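Below is one structure, written out as structure tokens; comments come after it.
On a predicted model such as this, the values are computed, not experimentally measured, just so you know. We use all heavy atoms of the structure for the numbers below, so side chains are in, but hydrogens, waters and symmetry mates are not.
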Amino acid sequence: KSGPGGYGMTQGESNVVEAIADIESKRFNTPIHPNNIMICNGGNHGMFCTMAALAGKNRPIVVHEPCFPVYKDFAEVLNAPMVAIDTSKTNFVLEPKLLEKTIQETNNGKCIAVINYPNNPTSKSPDEDTLKAYVGVIERCKDAFFVDDAIYAGLTYNGKPVTISDFLSEEARERVITIRAATKEHSHADARVGHVVANSDVIQKMLPHAVYSGVHANRSAQQEYLADMKAFKERQPDVAKHYRNKIFAIQERLRNAGLI
């Protein structure tokens, strides 16, 4: 069990968990403790453990479409009803009022709503006022849990990367699960590591599912991830520029081929 290639702790290596709690405390300007952190084997693993801990036939999942297909797969595996909100008529940005109405009408508000911005697959990202309006929905819908799928947050090209988790009150934060990962935010897909921020009771419910799913982020990957997290402010503009240049190159090729 010892050494960099050995089995890791289910919640994550203690030094990594403690350091990420400190980093997130500074980011969110509120105390985040080690028992609010779980290291996961990439964002998908974090999302599965979250859904497995909270969703089920008695707690449906609310998503906005188009959405990452894995959400539907997890709902099917967990026998959880899914309610999808179509955003195709609102420029792929979820309207806060419609989100609130859907939550209230879904199992009397007892559900888990996933908010994924910047969005996969549309790349849309709401403005700050809209993100704050989502926070207002969270504060009013007190029987619901919310997932801030922030996997792409670091790839914001204009301005500081922000998600709903940056604007939460202390009370609202108790019902929000934030998921981040190295895959996109740090352009480090091969590491297959990320972390979840949630209240300690939710983390404890997630840990058995992390064990049963049979995957742990290995110790070496966790240390690399911690290094990425510490260097995030300095590296983020370069990583975002790298992705943006790739997009421009693909667009140019499509134009040259007469496809756009």
Side-chain angles (χ1 to χ4, degrees), residues 1-28 31-53 68 70 73-74 77 116 118 120 147-156 161 163 165 177-200 202-243 245-246:
K1 292 185 178 181
S2 62
Y7 291 117
M9 300 295 292
T10 302
Q11 189 174 346
E13 296 301 291
S14 58
N15 75 303
V16 177
V17 170
E18 290 169 6
I20 290 180
D22 183 61
I23 290 169
E24 296 292 49
S25 294
K26 293 174 182 176
R27 171 174 176 159
F28 299 140
I32 303 293
H33 303 287
N35 61 2
N36 300 129
I37 302 292
M38 187 188 83
I39 305 300
C40 50
N41 191 13
N44 277 354
H45 183 227
M47 181 64 71
F48 173 77
C49 291
T50 299
M51 297 296 190
F68 189 39
V70 166
D73 295 337
F74 289 162
V77 167
N116 171 222
N120 180 5
V147 177
D148 180 12
D149 185 350
I151 298 299
Y152 286 89
L155 300 184
T156 302
T163 72
S165 294
I177 298 88
T178 305
I179 301 176
R180 300 176 69 186
T183 309
K184 307 300 186 300
E185 202 164 44
H186 303 287
S187 191
H188 203 166
D190 62 330
R192 298 309 307 163
V193 62
H195 72 276
V196 175
V197 184
N199 79 55
S200 57
V202 171
I203 293 291
Q204 288 303 310
K205 291 178 181 178
M206 292 171 64
L207 290 176
H209 299 288
V211 173
Y212 300 150
S213 57
V215 288
H216 291 76
N218 71 63
R219 290 173 169 176
S220 297
Q222 290 188 48
Q223 301 302 329
E224 291 176 13
Y225 182 52
L226 177 56
D228 286 340
M229 291 287 293
K230 289 180 176 179
F232 176 72
K233 286 186 178 180
E234 291 73 23
R235 293 185 66 245
Q236 187 272 333
D238 289 337
V239 172
K241 181 179 179 180
H242 171 71
Y243 272 91
N245 289 342
K246 288 173 67 176

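- Looking at heavy atoms from C-beta onward, V196 lies in side-chain contact with M206 at the 4.5 angstrom threshold.
- A distance of 10.0 Å separates CG in N199 from CD in Q204, rounded to the nearest 0.5 Å.
- Rounding to the nearest 0.5 Å gives a distance of 13.5 Å between CD1 of I39 and CZ of R219.
- For Q11 (side chain) and I203 (main-chain N/O), no donor-acceptor pair under 3.5 Å exists by modelled atom type.
- Nearest heavy-atom pair, E18 versus P34, reported as atom, atom and distance to 0.1 Å: CG-CG, 3.9 Å.
- Without hydrogens or angle criteria, E24 side chain to I32 main chain gives no donor-acceptor distance under 3.5 Å.
- Under a 3.5 Å cut-off, the side chain of N35 and the backbone N or O of S200 do not form any donor-acceptor pair.
- A donor atom on one side chain and an acceptor atom on the other are found under 3.5 Å apart for Q223 and N15.
- H45 and S213 make their closest contact through NE2-OG, 3.0 Å (heavy atoms, listed as atom of the first residue, atom of the second, distance).
- Side-chain contact between V197 and I37: present, with at least one pair of heavy atoms (C-beta onward) separated by less than 4.5 Å.
- Between the CZ atom in F68 and the CD1 atom in I151 there is a gap of 8.5 Å [rounded to 0.5 Å].
- Of all non-hydrogen atoms in A181 and G42, the two that sit nearest each other are CB-C, 4.4 Å.
- In this structure, Q222 contributes its side chain and A217 its backbone to a donor-acceptor pair below 3.5 Å.
- Smallest separation of non-hydrogen atoms from C49 and H209: SG-C, 4.1 Å.
- Separation of atoms CZ (F28) and CD1 (I23) is listed at 11.5 Å; rounding is to 0.5 Å.
- The two residues T10 and A210 have their closest heavy-atom pair at CG2-CB, 3.9 Å.
- Two residues are said to be in side-chain contact when any heavy atoms from C-beta on lie closer than 4.5 Å; N120 and D149 fail this criterion.
- Taking the six-membered ring where the residue is Trp, F48 and F74 present perpendicular rings, their angle passing 60° and hence far from 30°.
- How far CG of D22 is from NE2 of H33: 11.5 Å, rounded to the nearest 0.5 Å.
- Checking side-chain atoms of N36 against main-chain N and O of A198 turns up a donor-acceptor pair under 3.5 Å.
- Counting all heavy atoms, side chain and backbone alike, S165 lies closest to D148 at OG-OD2, 2.6 Å.
- Atoms OH and CZ, from Y225 and R180 in turn, are 6.0 Å apart once rounded to the nearest 0.5 Å.
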